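Chain naming here is simple, since letters A, B, ... match the order of the sequence lines and numbering starts at 1 in each. Computed from a prediction, not measured in an experiment: that's the story for all the values here.
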There are 2 protein chains.
Amino acid sequence: MPLAHIWRHRFKGDGFRWTLTRKAILDLLSRTSKHMSAQEIYDTLLKSYPGIGLSTIYRTLDLLSRMGLVNRLNIGEGKSRYEYRSGEEKAHHHFICTNCGKIIDYSGFLDEELDLVEKIEKNLARKYNFIVKDHNTDFYGLCKNCR
Amino acid sequence: MPLAHIWRHRFKGDGFRWTLTRKAILDLLSRTSKHMSAQEIYDTLLKSYPGIGLSTIYRTLDLLSRMGLVNRLNIGEGKSRYEYRSGEEKAHHHFICTNCGKIIDYSGFLDEELDLVEKIEKNLARKYNFIVKDHNTDFYGLCKNCR
DNA sequence: ATTATTAATGAGAATGATTGTCATTATGAT
DNA sequence: ATCATAATGACAATCATTCTCATTAATAAT
């Protein structure tokens, strides 16, 4: 089943309308490996969808984020970046270069991490009565070009 | 040795001046367990230091962050929060309530985590030629009051 | 298929956090 | 005590994001 059909069903099921703009943003994010900002998404889509509005980009990214279809990343730039969240693939880490801002996805050692995270989550629940829904680990350092 | 002396030596050693404002911010952050925003720090300090400027708060927080004396936190609120980084205590995790924004520090399982992180860091270095300087893990979920 | 309902959109104003500018002040070396 | 200049305060400027509202388009009902 093509992604677009899955998305559409998801939207209808959640009571949202399936629009050209929403499809365009999902198409773009699901195809790029970049971690794009709202402005970058806007600039890119403007070429194929003249007349698209920046507000709509923001509104849509917020919706997609709440629906769990994209992840919102904050690496301390004063703005958010977004990445498509594939249902298939496992989670991944981000390596962030503190010099040039480059972000690299890294998905090693996820199984080992899962064990540890489960222990932490159980402990948090017992100790503070928290429910952990998600977690995120970022690595900071210098990339190949900046070291 | 009192903290203020350690800070002062650090500043002099790095070629920065030791000023009243810098001491005030470090005092505040080292004593609170809150994760304060620049504005909150400003509002608090204004009572005991009338005439202090918000720009200075921002500049100082940036400097302290670069010196490694405070951590800058971004939990997706569109602004940064800051916490004092003690030289003594080990790192800690943050649990962030996605409903009310509450942040809790949590420092369990740090030894187990260290092993894993070291493996990941070695792997990143070998695979991508990256140098990892630091890492951060956040947990998202619902706190006691919001569950 | 046509129409009615209303969610979604585009344009631009408004907001809020952060950074930049510049004249003044205060720290640390002399 | 004096001097050089880093640090500061006031406030303008910038940038990301949200809000408002009239218009448009997606869906349900006909």
Establish, with yes or no, whether the OP1 or OP2 oxygen of C/dT18 is under 4.0 angstrom from a side-chain nitrogen or oxygen of B/Tyr58.
yes
For a quick test of reading the model: is some side-chain N or O of A/Thr56 closer than 4.0 Å to OP1 or OP2 of C/dA8?
no
Whole-Å distance between C/dA8 P and A/Lys12 NZ?
13 Å
Most 5' of B/Leu20 and B/Ser55 on DNA chain D, judged by nearest nucleotide:
B/Leu20
Choosing from C/dG10, C/dT18, D/dT27, which nucleotide comes nearest the side chain of A/Trp18?
D/dT27
Nucleotide nearest A/Phe16 (side chain, heavy atoms from C-beta), chosen from D/dT8, C/dT18, C/dA8:
C/dA8
D/dA26 P sits how many Å from A/Arg17 CZ, rounded?
9 Å
Kindly indicate, with the supporting measurements, whether the criterion salt bridge (charged side-chain N to carboxylate O under 4.0 Å, His left out) is fulfilled by A/Lys34 and A/Glu40.
CA-CA 10 Å; A/Lys34 286 186 243 168; A/Glu40 285 168 357; over 6 Å; no
Considering every strand and a 4.0 Å limit on heavy-atom distances, what is the contact class for B/Ser37: base, sugar-phosphate, or nothing?
nothing
Give the ring-plane orientation class for B/Tyr128 versus B/Phe130, where under 30° counts as parallel, over 60° as perpendicular and anything between as tilted.
parallel
Which of the following nucleotides, D/dT18, C/dT18, C/dT9, is nearest to the side chain of A/Arg22?
C/dT9
What's A/Arg59 touching, base or sugar-phosphate or nothing? Going by heavy atoms closer than 4.0 Å.
base
Can you pull the salt bridge (charged side-chain N to carboxylate O under 4.0 Å, His left out) pairs that have at least one residue in residues 111-121 of chain A, sequence neighbours excluded?
A/Lys90-A/Asp111, A/Glu112-B/Lys119, A/Lys119-B/Glu112
Looking across every strand, which nucleic acid part, if any, lies under 4.0 Å from B/Thr19 by heavy atom: base, sugar-phosphate, or nothing?
sugar-phosphate
Interatomic distance where CD1 belongs to B/Ile57 and P belongs to D/dA7 [whole Å]
15 Å
Please confirm whether the ring centroid of A/His93 lies under 6.0 Å from the ring centroid of A/Phe139.
yes
Separation of C/dA17 P from B/Tyr42 OH (nearest whole Å):
13 Å
